[in-house]
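In what follows, chains are A, B, ... by sequence order, proteins preceding strands, each numbered from 1. Computed from a predicted structure; not experimentally measured. The basis for the numbers below is simple: all heavy atoms, side chains too, and nothing from hydrogens, waters or symmetry mates.
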Amino acid sequence: MLDIKILRNDPDRIRTALKNRNNDLDITPAIELDLKRRALLADAEQKKAKQNEITKQIPAMKKAGENTDAIFAEMRELSDEIKEDDTKINEIDEELRNFMLRIPNIPNDEVPVGKDDTENVEIRKYSTPRQFDFEPKAHWDIGADLDILDFDRGAKIAGSRFTVYKGLGARLERAVIQFFLNTHTEESGYTEIFPPYMVNRASMTGTGQLPKFEEDAFKVANNGYFLIPTAEVPVTNLHRDEILDGSKLPIKYCAYSACFRAEAGSAGRDTRGLIRQHQFNKVELVKFADPEKSYEELEKLTNDAEKLLQKLGIAYRVVCLSTGDLGFSSAKTYDIEVWMPSYNRYVEISSCSNFEDYQARRANIRFKRDVKDKAQYVHTLNGSGLAVGRTVAAILENYQNADGTVTVPEVLRPYMNTDVIGKK
RNA sequence: GGAGAUGUAUCGAAGUGGUCAUAACGAGCACGAUUGGAAAUCGUGUUGUCCUUAACCGGGCACGUGGGUUCAAAUCCCACCAUCUCCGCCA
């Protein structure tokens, strides 16, 4: 959520941001609601002040034996008026809040202005795509041929966009998770969290998934909870409604979780393989940072995620998302894209964002530099480190051999207990 | 799932319809006094948020959350949430 003061004092800044995002939302109604709200509020508060003052005198009047009938009648009327005002204010409040929750974050000045993902800017590249001296297969074919991925049975027992991992496939998925978490905790200083996979509405609102993107989430029928679309939701909300100790910043968490996405609106896209599933595994990195250092922390976080692909020895590139492709809550995002031979292009495997105080304001996460200081909002950041299913897909494709087997990347061998995934 | 209890500031805790939410009392914390220095002791200070204002001042709201009753609610009523204890069920 944006600071309402920006709406009051510098609405054009929001208008520009919306325009750069290709968002045609008109904020005029919000400005009017805010004005109306403040006028009503001033009126109601004046009435309440009067009510409080007279109420204070009543015990003395009663003690003195004075007749209070007239004053009670007058007060009843005042009380009714106040209730009426309060009802109106509450309605406007909710309407305004709802509106504010649907205004996306303002992109950072450094973010390239662009209409969509074609105008993202490549920042750097690691290694070069592997050149094959045979016709490489797509990971879904490799997985099926090696009997380690079972898409048909995934569809049978659940539905489309669900996959069963089997044998060394299941083990590879688990190895990747282990490798990621161990690297983050042992080398990069993150504290591991294992969060709930279901969260309440307040948590989903805190990180920005609600109210605008409710149709993208799975909702649990009998308790109204949501299946998490990413560990970002429970982990960022760990500190919802808290005031953090400034000397402890940055707080760095990593978390493995399954992630659940309805993938509404992406029917027909990436229907084959592991790229777009209703349930997938991901290791997420989350930081709570001092506003003055958050962009420094974004670079570090992105590097922490990149390190995994370097260790795995797979080509990737980092792009800075343009305003037209930037996520709703984010002020700046780097995507890490891994080389995927079947797509013959780079495919997103991580998205590293600085949300500045946008999520912190929604989730009310603050900090004090010193005990005497006033609490201020932290900056929240997160990034995938990395998407596990897509990593497995990238490994299968980039490490495949002419005979149909797949070489296990060096760093995963301790977890896999084999050098090669071969036919049985 | 059943029964009971609890929810007040940083923590413990008092307050059961108005004169104690500028929230008693105790602790913590900050500053000061005392001291060679510390402990102990003494003193002073210490909630958040919203509206208004250049600022000061002023005002509103908040006793788990949301409603209701009342001229007036921490206090009475209803619903919900969380925690604890016991019972049942369960990996």
Side-chain angles (χ1 to χ4, degrees), chain A residues 1-10 30-101 194-206 210-211 219-226 234 237-249 258 357 360-378:
Chain A
M1 191 154 56
L2 296 176
D3 190 344
I4 189 109
K5 287 191 181 106
I6 301 176
L7 187 78
R8 274 176 210 160
N9 304 330
D10 196 3
I31 295 170
E32 281 164 7
L33 281 172
D34 180 52
L35 279 172
K36 208 161 122 193
R37 175 180 168 274
R38 281 187 287 162
L40 267 170
L41 199 62
D43 185 56
E45 286 185 0
Q46 212 172 352
K47 284 176 186 159
K48 282 180 190 173
K50 187 178 169 193
Q51 184 184 45
N52 287 341
E53 196 177 324
I54 297 175
T55 294
K56 249 183 244 169
Q57 298 164 2
I58 286 176
M61 291 174 70
K62 281 193 140 175
K63 215 172 189 176
E66 290 176 46
N67 186 316
T68 53
D69 289 355
I71 208 153
F72 276 13
E74 190 192 327
M75 290 298 283
R76 206 170 295 139
E77 211 171 293
L78 186 65
S79 175
D80 286 346
E81 281 176 36
I82 290 171
K83 261 174 209 162
E84 227 172 275
D85 283 356
D86 274 348
T87 306
K88 269 189 231 156
I89 291 167
N90 282 342
E91 280 168 13
I92 292 174
D93 255 348
E94 206 189 317
E95 209 180 324
L96 181 59
R97 183 177 155 77
N98 229 299
F99 203 111
M100 291 303 289
L101 289 175
F194 188 73
Y197 286 5
M198 291 186 213
V199 295
N200 56 32
R201 179 167 283 274
S203 294
M204 289 288 276
T205 305
L210 295 184
K219 192 171 176 179
V220 181
N222 58 359
N223 58 16
Y225 293 164
F226 293 87
N237 279 282
L238 280 176
H239 295 302
R240 171 151 51 86
D241 293 321
E242 290 185 16
I243 296 175
L244 304 170
D245 176 353
S247 67
K248 302 263 166 64
L249 300 180
D357 62 3
R361 183 171 282 107
R362 281 173 165 246
N364 192 29
I365 307 168
R366 294 173 295 170
F367 79 104
K368 286 184 176 183
R369 283 215 179 82
D370 190 89
V371 257
K372 287 175 292 224
D373 289 352
K374 201 169 138 66
Q376 55 176 313
Y377 291 112
V378 297

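- Spacing between atom NZ of Lys5(A) and atom P of U52(B) amounts to 10 Å, rounded to whole angstrom units.
- Nucleotides A3(B) and A79(B) place their P atoms 13 Å apart, quoted to the nearest Å.
- Leu210(A) approaches Arg362(A) most closely through the heavy-atom pair O-NH1, 3.0 Å.
- Counting any heavy atom pair closer than 4.0 Å across all strands shown, Arg8(A) reaches sugar-phosphate atoms only and no base atom.
- Put simply, CG on Asp69(A) is 11 Å from C1' on C71(B), counting in whole angstrom units.
- With a cut-off of 3.5 Å on both Watson-Crick or G-U wobble distances, the partner of C56(B) is given as none.
- Set against U70(B), G60(B), U52(B), the side chain of Arg38(A) has U52(B) as its closest nucleotide.
- Atom P of A9(B) sits at a distance of 16 Å from the matching atom of U49(B), rounded to the whole Å.
- The partner of U44(B) is A30(B), by the rule that a Watson-Crick or G-U pair needs both atom distances under 3.5 Å.
- Comparing the P positions of U16(B) and C77(B) gives a spacing of 15 Å, expressed to the nearest Å.
- At distances below 3.5 Å, at least one donor-acceptor pair connects side-chain atoms of Thr87(A) with backbone N or O atoms of Lys83(A).
- A gap of 33 Å separates the C1' atoms of A74(B) and U53(B), to the nearest Å.
- Between Ile82(A) atom CD1 and C61(B) atom P the separation is 8 Å, expressed in whole Å.
- Here the shortest heavy-atom pairing between Arg361(A) and Tyr377(A) reads CA-CE2, 3.6 Å.
- U19(B) is unpaired under the Watson-Crick or G-U wobble criterion, no partner having all donor-acceptor distances under 3.5 Å.
- The side chain of Glu45(A) lies closest to G60(B), out of G48(B), G60(B), G67(B).
- Comparing the same atom, C1', in A91(B) and in G7(B) gives a spacing of 32 Å after rounding to whole Å.
- Between Lys374(A) and Met75(A), the residue anchored nearer the 5' end of RNA chain B, judged by the nucleotide with its closest heavy atom, is Lys374(A).
- For the pair Lys368(A) NZ and U49(B) C1', the interatomic distance rounds to 13 Å; values are reported in whole Å.
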>> Could you go through Asp80(A) and Arg76(A), starting from their C-alpha distance and side-chain angles, then the distance that decides it, and tell me whether this counts as salt bridge (Lys or Arg N to Asp or Glu O under 4.0 Å)?
In response: CA-CA 6 Å; Asp80(A) 286 346; Arg76(A) 206 170 295 139; over 6 Å; no

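- G37(B) and G28(B): their C1' atoms are spaced 24 Å apart (whole Å).
- Look at U75(B): it lacks any Watson-Crick or wobble partner with both distances under 3.5 angstrom.
- You'll find the side chain of Thr55(A) reaches within 4.5 Å of the side chain of Met75(A), heavy atoms only.
- Closest to the side chain of Lys62(A), out of A72(B), C50(B), G18(B), is G18(B).
- Taking only side-chain nitrogens and oxygens, Asn52(A) never comes nearer than 4.0 Å to OP1 or OP2 of G59(B).
- Taking a pair to require two hydrogen-bonding distances under 3.5 Å in either a Watson-Crick or a G-U wobble arrangement, A5(B) pairs with U83(B).
- Distances shown here put a side-chain N or O of Ser79(A) below 4.0 Å from the OP1 or OP2 atom of A72(B).
- Pair assignment for A14(B) gives none, since no Watson-Crick or G-U wobble pairing has each distance under 3.5 Å.
- Both Thr55(A) and Gln46(A) lie near RNA chain B, and the one whose nearest nucleotide falls closer to the 5' end is Thr55(A).
- Under the Watson-Crick and G-U wobble criteria, each requiring two contacts below 3.5 Å, nucleotide G37(B) is left unpaired.
- One atom, NZ of Lys56(A), and another, C1' of C71(B), lie 15 Å apart when rounded to the nearest Å.
- Across the protein-nucleic acid pair, Leu41(A) atom CG and G59(B) atom C1' stand 10 Å apart, rounded to whole Å.
- Within 3.5 Å, no donor on the side chain of Lys48(A) pairs with an acceptor on the base of G59(B), nor the reverse.
- No side-chain heavy atom of Arg240(A) sits less than 4.5 Å from a side-chain heavy atom of Asn364(A).
- Counting heavy atoms from C-beta outward, Lys88(A) and Lys36(A) have side chains that stay 4.5 Å or more apart.
- Look at CG on Leu40(A): it is 17 Å from C1' on G59(B), rounded to the nearest Å.
- What separates CG of Asn223(A) from P of A82(B) is a distance of 10 Å, to the nearest Å.
- Comparing the C1' positions of G67(B) and A73(B) gives a spacing of 13 Å, expressed to the nearest Å.
- Nucleotides C20(B) and A13(B) are separated by 15 Å at their C1' atoms, to the nearest Å.
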